[in-house]
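As structure tokens, the structure follows; a few thoughts come after it.
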There are 2 protein chains.
Amino acid sequence: MANIQHVARQAGVSVATVSRVLNGQDTVSAKTRIKVEDAIKKLNYEPSMLGRNLRNSESRILLILIPSIKNPFYLEVIKGIENIAISQNYNILLCETDSNPERENIYFDLVRKKMADGIISMDPAVNVETLKKLAENHAIIQCSEYAEDSGIPYITIDNEEASYLAVKHLIKLGHEKIALVNSDEKYLYARQRKLGYVRALKEHGLSMNEQYIIHTEELGFEQGQQAMKKIMQLADRPTAVFAVSDLLAIGALKEINANGLHVPNDMAVVGFDKIDFSNMTNPTLTTIAQPMYKMGTIAAKMLINQIKGEHVDSIILDHELVIRESTLG
Amino acid sequence: MANIQHVARQAGVSVATVSRVLNGQDTVSAKTRIKVEDAIKKLNYEPSMLGRNLRNSESRILLILIPSIKNPFYLEVIKGIENIAISQNYNILLCETDSNPERENIYFDLVRKKMADGIISMDPAVNVETLKKLAENHAIIQCSEYAEDSGIPYITIDNEEASYLAVKHLIKLGHEKIALVNSDEKYLYARQRKLGYVRALKEHGLSMNEQYIIHTEELGFEQGQQAMKKIMQLADRPTAVFAVSDLLAIGALKEINANGLHVPNDMAVVGFDKIDFSNMTNPTLTTIAQPMYKMGTIAAKMLINQIKGEHVDSIILDHELVIRESTLG
DNA sequence: TGAAGATATGTAATCGATTACATTTTCATA
DNA sequence: TATGAAAATGTAATCGATTACATATCTTCA
């Protein structure tokens, strides 16, 4: 396959000139530019990014760290990232850690080895210490989930406030016994969402029942079903459930249906994320909408700016309660 | 940041020796190996893949072309690809074309420019001519969707047979008026699945009603709903629907529910792919299971073998009918 | 016409690894 | 101890681009 030397020879110019044409520099005369372009066409030449990248010490690849590709929440964010990336001539390497530190390390190595120019971390299970160390020498943005004191810029929503909003909605509807299906509280977002839940209860004079709080290992349909099973068995059964993920909420919904109970009359359900599925369930799911796509675009812009050496500030985006059948009948 | 020269100097050896240690060659004495390893540790050295890749004329990146990241079918396949890739020291670049030729071309360019070592194409809307031309100089595997006469190896299932199986199942249940929600027949899989549908009808002496065949632009919930709306309006309404994607089937399900009809008593539904969500709907969805994960692993192995210069043969995997509530009550 | 300045082009170093080939060191054996 | 083979290490070319700096060519105007 042809390289820049061949093109130079074919066009009767030096490689420098070819490179100038390639990069659209304006110091090339029209005549030589045409000669070079002809040679390029004739030889079917495509510049190698391997050479260019080495010379420029960049890979033009952005790494996206997610726990699981199966949660549609991430997909919408990724779409946002991707569109910005493409428009700026970057490409994205999607890295699914499965919350497995070994996997994570393989991907971190890509940055260390210059195979990627920066990281957007969306993995709540990420090793914060490693991330901090990496951030000393590399561009990193935290998206959605973040470590507060890490000094690494992040973009997210106000999880506590969103959760508060969801629970308040249920309280306003008259519910007094509200279950919380949360994920492991080792994750910041889980702690924040619990805080919102607690605050809403307190503010409306409702007492908190520890039995009403269920923790799940992962965010999935299965886990939602399991959690709901536990809730169903409670002596003093709640009349509403707030799940911190639509996936959990949909699993819960299925379990409630399986028990012959009616949603929302017997049990109201609120989810989180507003994934596409949440509007396909029967009944449709009340949920908290996050601006996922926007979050992705901004995260990408932040990262690219950071790669350029600019300073970037953390950002908190708005959320919204979307009321549908699972709380309104 | 340290490079191989620095390490060599620090260890008092040549770069060749450092490189040998790096690549685990056994011609290095234990003594020097330790010296070099110490130097590496001391300097916090990480070999740059940019240098290595240029020298080796490889990027160790595999490109995966999918139409939309939103269809969970692809996700499971991708998981399979990813696991094999990682185990063989490759990484995957996920490329969502949105069936947009411009996007597609951006991604093809990555291969032309040596930024990727090969392609797994899963996009039915791919430009076959371009793909064929690319295949002359680059490693390419077609996964799930393929062009028959392209000469490019593929891995897929027997779409016609799978479709036949689905429709036969409905016929056996006594249905005689069966609608087909298909995607655009410019795609091979759509034509194949229609063939299976037609064959099942014919074989059981049922006449084909063109009105019962609906085509959709894309595979999504929306399109499924729209298709079902049309079916609902038919004078002689079918009693069953076979949709060529779970997404379409789930959209249809929603529309049927919205019309106050009962599934499967008033209208039976069969989908295709067995995505996770198909078991969460109410009622759960009868569907054709494809071995998605396995398909991914094999596709990745095929591609890597092809990159190595080996000859690879096309493969057809088994499918399976999964009977659930949407046809059985 | 010729000198200064502007414009166009070329030369060669560079990015950071790998590796063919050359050279040195080690070691067993005569 | 000398010798030759085997083992260890080094030298320098190479992958394919970019770019600082040097040089050549072209304009312009006194």
Side-chain angles (χ1 to χ4, degrees), chain A residues 1-40 43-61 89 109-117 137, chain B residues 1-40 43-61 89 109-117 137:
Chain A
M1 210 152 290
N3 63 22
I4 199 170
Q5 314 271 358
H6 300 146
V7 176
R9 206 169 309 144
Q10 170 76 30
V13 300
S14 72
V15 291
T17 301
V18 177
S19 177
R20 290 189 185 105
V21 172
L22 248 33
N23 292 288
Q25 271 165 279
D26 53 357
T27 65
V28 181
S29 75
K31 215 173 1 159
T32 23
R33 160 161 288 118
I34 288 171
K35 274 197 299 182
V36 171
E37 280 164 353
D38 286 350
I40 288 176
L43 297 179
N44 236 309
Y45 167 71
E46 296 275 355
S48 158
M49 302 217 60
L50 298 176
R52 168 180 304 189
N53 287 348
L54 171 59
R55 174 60 214 226
N56 293 346
S57 285
E58 62 174 13
S59 63
R60 301 213 75 85
I61 284 180
N89 251 294
D109 257 355
L110 293 180
V111 173
R112 298 194 189 102
K113 293 184 177 166
K114 303 242 170 77
M115 192 69 201
D117 294 343
N137 297 306
Chain B
M1 214 153 289
N3 64 20
I4 199 171
Q5 314 271 358
H6 301 147
V7 175
R9 208 168 308 143
Q10 171 76 30
V13 300
S14 73
V15 292
T17 301
V18 177
S19 177
R20 289 188 186 106
V21 172
L22 248 33
N23 293 288
Q25 271 166 283
D26 53 357
T27 66
V28 181
S29 74
K31 213 173 5 160
T32 24
R33 161 162 286 120
I34 288 172
K35 273 197 299 183
V36 171
E37 280 164 353
D38 286 350
I40 289 175
L43 296 178
N44 235 311
Y45 167 72
E46 296 275 354
S48 158
M49 302 218 58
L50 298 176
R52 166 180 307 190
N53 287 349
L54 171 58
R55 174 60 215 229
N56 294 347
S57 284
E58 63 173 12
S59 63
R60 299 213 76 84
I61 285 179
N89 250 293
D109 258 355
L110 292 180
V111 173
R112 298 195 189 102
K113 294 184 176 165
K114 304 242 169 80
M115 193 68 202
D117 294 342
N137 296 306

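Naming: A, B, ... by sequence-line order, numbering from 1 per chain. Not measured: the values here are computed from a predicted model.
Only A:N3, A:I4, listed by number, bring a heavy atom of residues 1-9 of chain A to less than 4.0 angstrom from any atom of DNA chain D. The stretch residues 16-24 of chain B comes close to DNA chain C through B:A16, B:S19, B:R20, B:N23, each having a heavy atom under 4.0 Å from the strand.
Per the geometry, CD belonging to A:E58 stands 11 Å off C1' belonging to D:dT18, to the nearest Å. Separating the CG atom of B:L54 from the P atom of C:dT14 is a distance of 17 Å, rounded to the nearest angstrom. The distance between atom CD of A:Q25 and atom P of D:dA17, rounded to the nearest whole Å, is 15 Å. For the pair B:D26 CG and D:dT9 P, the interatomic distance rounds to 12 Å; values are reported in whole Å. The distance from atom CZ of A:R33 to atom C1' of C:dT7 is 14 Å, rounded to the nearest whole Å. Rounding to whole angstrom units, NZ of residue A:K31 and C1' of C:dT9 are separated by 12 Å.
Between A:R52 and D:dG16, a side-chain N or O to OP1/OP2 separation shorter than 4.0 Å is absent. In this model, the phosphate group of D:dA8 is not approached by any side-chain N or O of B:T32 to a distance below 4.0 Å at OP1 or OP2. Contact annotation: A:S48 side-chain N/O to D:dC15 OP1/OP2 distance is not under 4.0 Å.
Taking all atoms of both residues into account, the shortest heavy-atom contact from A:Y45 to A:V7 is CG-CG2, 3.4 Å. The shortest non-hydrogen separation linking A:A39 to A:Q10 is CB-CG, 3.4 Å. Closest heavy-atom contact between B:M115 and A:S59: CE-O, 3.3 Å. For A:V36 against A:A11, the heavy-atom pair with the smallest separation is CA-CB, 3.9 Å.
Listed nucleotides D:dT9, C:dT9, D:dG16 differ in distance to A:V28; the shortest reach to its side chain belongs to C:dT9. Between D:dT19, D:dA12, C:dC15, one nucleotide has an atom nearer to the side chain of A:N56 than all others, and that is D:dT19.
Only one option out of A:V28, A:V18, A:V13, A:V21 pairs with A:K35 in a side chain to side chain contact (heavy atoms under 4.5 Å, CB included); it is A:V13.
Within 4.0 Å (heavy atoms only), B:L50 reaches no atom of the nucleic acid at all. Looking at heavy-atom distances under 4.0 Å, B:N53 makes no contact with the nucleic acid at all.
Side chain A:R55 to base C:dT14: a donor-acceptor pair is found below 3.5 Å.
Of the possible polar contacts, none joining the B:N23 side chain to the B:Q25 backbone as a donor-acceptor pair under 3.5 Å is found. Judged by distance alone, with hydrogens and angles left aside, the side-chain atoms of A:R60 form a donor-acceptor pair with the main-chain N or O of A:N89 at under 3.5 Å. No donor-acceptor pair under 3.5 Å is formed between the side chain of B:N56 and the backbone N or O of B:E58.
The residues A:D109 and A:R112 are annotated as salt-bridged, a charged nitrogen and a carboxylate oxygen being separated by less than 4.0 angstrom.
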